[in-house]
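Worksheet: one structure, shown below.
What you are looking at is a predicted structure, and each value in this text was computed from that prediction instead of being measured. Chain letters run A, B, ... following the sequence lines, proteins first, then strands; residues in each count from 1.
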Amino acid sequence: MPRPRKRQTGTAGPDRKKLSGKRTKTENSESTSVKLENSSLEKMTTFKNGGTDLSNYWLMKSEPESRLEKGIDMKFSIEDLKAQPKQTACWDGVRNYQARNFLRAMKLEDEAFFYHSNCKQPGIVGLMKIVKEAYPDHTQFEKSNPHYDPSSKEDNPKWSMVDVQFVRMMKRFIPLDELKTYHQAHKAIGGPLKSMTLFTRQRLSVQPLTQEEFDFILSLEETEPS
DNA sequence: GCCAACGTTGGC
DNA sequence: GCCAACGTTGGC
């Protein structure tokens, strides 16, 4: 029932028009994404215990300010998440293969930063956790939904979502600016944010973080705003 | 509101 | 399978 919408990505489903006959475009997109996903996961895995019980870290973007898309407000802030029953919501509306594949890689109890995008003060505002692993995003079948995808079939849903639960606010807001400053510095000196996906894959709305990235960002909570 | 970045579409 | 046109993301 909670059905926030995060505006994640193109309204236009990547291949809404074909898929009856040929699906080459789709499959290209998917396999490309899968590769990216895999390499990312491999990268993360090498930093960890390698097999069981690996927890992953994520950053998920959502718009905290009202913006209408097909007459529907895309706003979903961390305050909105907090206000949901059980402070839990489904993360619907993702329509990008890479982002979708990351959603599908999420495990119960994985932690994710809640990032406010497309707003006055973009940045990380809080922490949430995954409370339900990927399942079909119902909005792809709803004609009136801005993220409706007519090419997706009920018996083979194309798009997925997860459920997330509010964990806590950041002790202080971590602005994009500040992350960017560290990213630049770390590129030069090889610090933890040197290849943060927020800067290397600009438009990706669901993205993985390494343990190092996650820990470093948490450590910023204890520092003075820069 | 502008526009750079970048993913997708579709003609050829 | 290339690539120009187009649409979206999201910072500024």
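Regarding A:Glu63, its CD atom lies at a distance of 9 Å from the P atom of C:dG11, rounded to whole Å. Following rounding to the nearest Å, A:Lys120 (NZ) and C:dG11 (P) show an atom-to-atom distance of 13 Å. A:Asp149 has its CG atom 14 Å from the P atom of C:dT8, to the nearest Å. Rounded to whole angstrom, the span from the CZ atom of A:Arg67 across to the P atom of C:dT9 amounts to 7 Å. Atom C1' of nucleotide B:dA5 and atom NZ of A:Lys180 are separated by 13 Å, given to the nearest angstrom. Rounded to an integer number of Å, the gap from CG of A:Leu204 to P of B:dG7 is 9 Å. As a whole-Å value, the separation of A:Arg201 CZ from C:dG11 C1' is 19 Å. Distance, A:Gln98 CD to B:dT8 P: 8 Å, rounded to whole Å.
Applying the salt bridge (Lys or Arg N to Asp or Glu O under 4.0 Å) definition to pairs two or more places apart or across chains, those involving residues 124-135 of chain A are A:Glu109-A:Lys129. For residues 177-197 of chain A, every residue pair satisfying the salt bridge (Lys or Arg N to Asp or Glu O under 4.0 Å) rule, not counting sequence neighbours, is listed here: A:Arg172-A:Glu178.
A sub-4.0 Å separation between OP1 or OP2 of C:dT9 and a side-chain N or O of A:Lys61 is absent. Between C:dT9 and A:Tyr115, no contact under 4.0 Å exists linking OP1 or OP2 to a side-chain N or O.
Here A:Phe114 and A:Trp58 keep their ring centres 6.0 angstrom or further from each other. In this structure, A:Phe113 has its ring center no closer than 6.0 Å to that of A:Tyr57.
Candidate nucleotides C:dG11, C:dG10, B:dG7 were compared by shortest atom distance to the side chain of A:Ser205, and C:dG10 ranks first.
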